[in-house]
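Read the structure below first, then the notes.
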Amino acid sequence: MRMRHTLAAVAAAGAVVALTAGPAQATEYTSALKIKGVQYDAPGSDSNRCSGGNTKNEYLTIKNYSRTTTVDLKGYVVKDATGNKFTFTARHRLEPGDYVKLRGGRGTDSDAGNVVYRQNCNFIWNNDKDTVYLLKPTGAKADVHSYTKRANDADGNGYINYHG
């Protein structure tokens, strides 16, 4: 009798492995922080001038989806497919459900305003296609999303929502 239960348990475990071993449509990383959305194409004509340009209107929203854990962004890295990157060097604590907008351009970071500036007036996201990486301080992937304007931005407003 014990052998029959053992074989049944092994067969059930094999079925679970077989079900989970197939290719996934999207990789889901185990991280409280996720990319909520990206304004990859700033409204208006692109101008990366530090004075009067519109790089501040290109942003990435990162949200803490945990119900209980506060996450410090210090050491997290945001980068694109070609390696342009931004590292959070200062402490910025996201309470459960809180978010931050990482904006281009120069400005004053504000915990109260939920904004961090890259202090760089160059655009980071391509207007046609790109990959957005959010990496933990260890280098492990927290969240990754690729987009193409044609496939992912049906209304053409330059914004893509990933995690609602």
Side-chain angles (χ1 to χ4, degrees), residues 17 20-43 46-48 50 53-155 157-164:
V17 169
T20 59
Q25 293 298 330
T27 302
E28 192 65 33
Y29 298 97
T30 56
S31 173
L33 294 185
K34 300 235 183 267
I35 299 165
K36 184 177 187 305
V38 61
Q39 180 73 48
Y40 68 91
D41 187 2
D46 285 353
S47 172
N48 62 356
C50 285
N54 65 340
T55 56
K56 287 183 181 180
N57 296 327
E58 179 186 85
Y59 62 89
L60 178 71
T61 305
I62 300 168
K63 183 174 178 180
N64 181 354
Y65 285 90
S66 171
R67 293 182 183 186
T68 58
T69 304
T70 298
V71 180
D72 186 356
L73 285 170
K74 186 173 182 176
Y76 274 80
V77 174
V78 170
K79 71 177 194 168
D80 73 348
T82 61
N84 295 309
K85 71 179 187 174
F86 172 84
T87 302
F88 288 90
T89 58
R91 294 181 60 97
H92 190 92
R93 296 171 49 90
L94 291 181
E95 302 293 329
D98 202 5
Y99 68 91
V100 66
K101 286 187 178 180
L102 175 61
R103 291 190 175 275
R106 300 193 197 298
T108 303
D109 296 350
S110 169
D111 280 340
N114 293 339
V115 66
V116 171
Y117 289 91
R118 291 189 298 112
Q119 306 304 333
N120 183 324
C121 296
N122 292 320
F123 292 99
I124 191 170
W125 313 118
N126 293 330
N127 290 351
D128 59 343
K129 65 181 179 176
D130 213 333
T131 301
V132 182
Y133 296 89
L134 175 62
L135 305 176
K136 297 177 182 181
T138 61
K141 294 174 184 170
D143 203 11
V144 177
H145 293 281
S146 294
Y147 67 85
T148 64
K149 183 173 189 159
R150 182 179 303 192
N152 304 109
D153 189 7
D155 61 6
N157 69 353
Y159 183 83
I160 299 171
N161 188 33
Y162 293 113
H163 299 279

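What's counted below: heavy atoms across the whole structure, side chains too, no hydrogens, waters or symmetry copies. Keep in mind it's a predicted model, so treat the numbers as computed, not measured.
- Residues forming a salt bridge (charged side-chain N to carboxylate O under 4.0 Å, His left out) with Arg67 (at least two apart in sequence, or on another chain): none.
- Applying the side-chain hydrogen bond (donor to acceptor under 3.5 Å, both in side chains) rule to pairs touching residues 103-112 yields His92-Asp111, sequence neighbours excluded.
- The side-chain contact (heavy atoms from CB on, under 4.5 Å) test applied to Ser146 returns Thr131, not counting sequence neighbours.
- For Tyr117, the ring-ring contact (aromatic ring centres under 6.0 Å, His included) test picks out no residue, with sequence neighbours left out.
- Here the closest non-hydrogen pair linking Val38 and Leu60 is CB-CD1, 3.9 Å.
- Partners of Tyr162 under the ring-ring contact (aromatic ring centres under 6.0 Å, His included) rule, at least two apart in sequence or in another chain, are His145.
- The ring-ring contact (aromatic ring centres under 6.0 Å, His included) search around Tyr40 returns Tyr147, not counting sequence neighbours.
- Among residues two or more places apart in sequence or in another chain, the ring-ring contact (aromatic ring centres under 6.0 Å, His included) test is passed with Tyr65 by His163.
- Every pair passing side-chain hydrogen bond (donor to acceptor under 3.5 Å, both in side chains) that includes a residue from residues 78-90 is listed here, sequence neighbours excluded: Asp80-Thr82, Asp80-Asn84, Thr82-Asn84.
- Qualifying side-chain contact (heavy atoms from CB on, under 4.5 Å) partners for Lys136, counting only residues two or more places apart in sequence or in other chains: Ser31, Tyr76, Thr138, Ala140, Ala142.
- Not counting sequence neighbours, the partners of Asn48 by the side chain to side chain donor-acceptor pair (under 3.5 Å) test are Asn122.
- Checked against side chain to side chain donor-acceptor pair (under 3.5 Å), Asn152 has no partners two or more places apart in sequence or in another chain.
- Interatomic distance, CG of Asp153 versus CG of Asp41, reported as 8.0 Å (0.5 Å rounding).
- Within the structure, the disulfide (SG to SG under 2.5 Å) test picks out no pair touching residues 82-120 (sequence neighbours left out).
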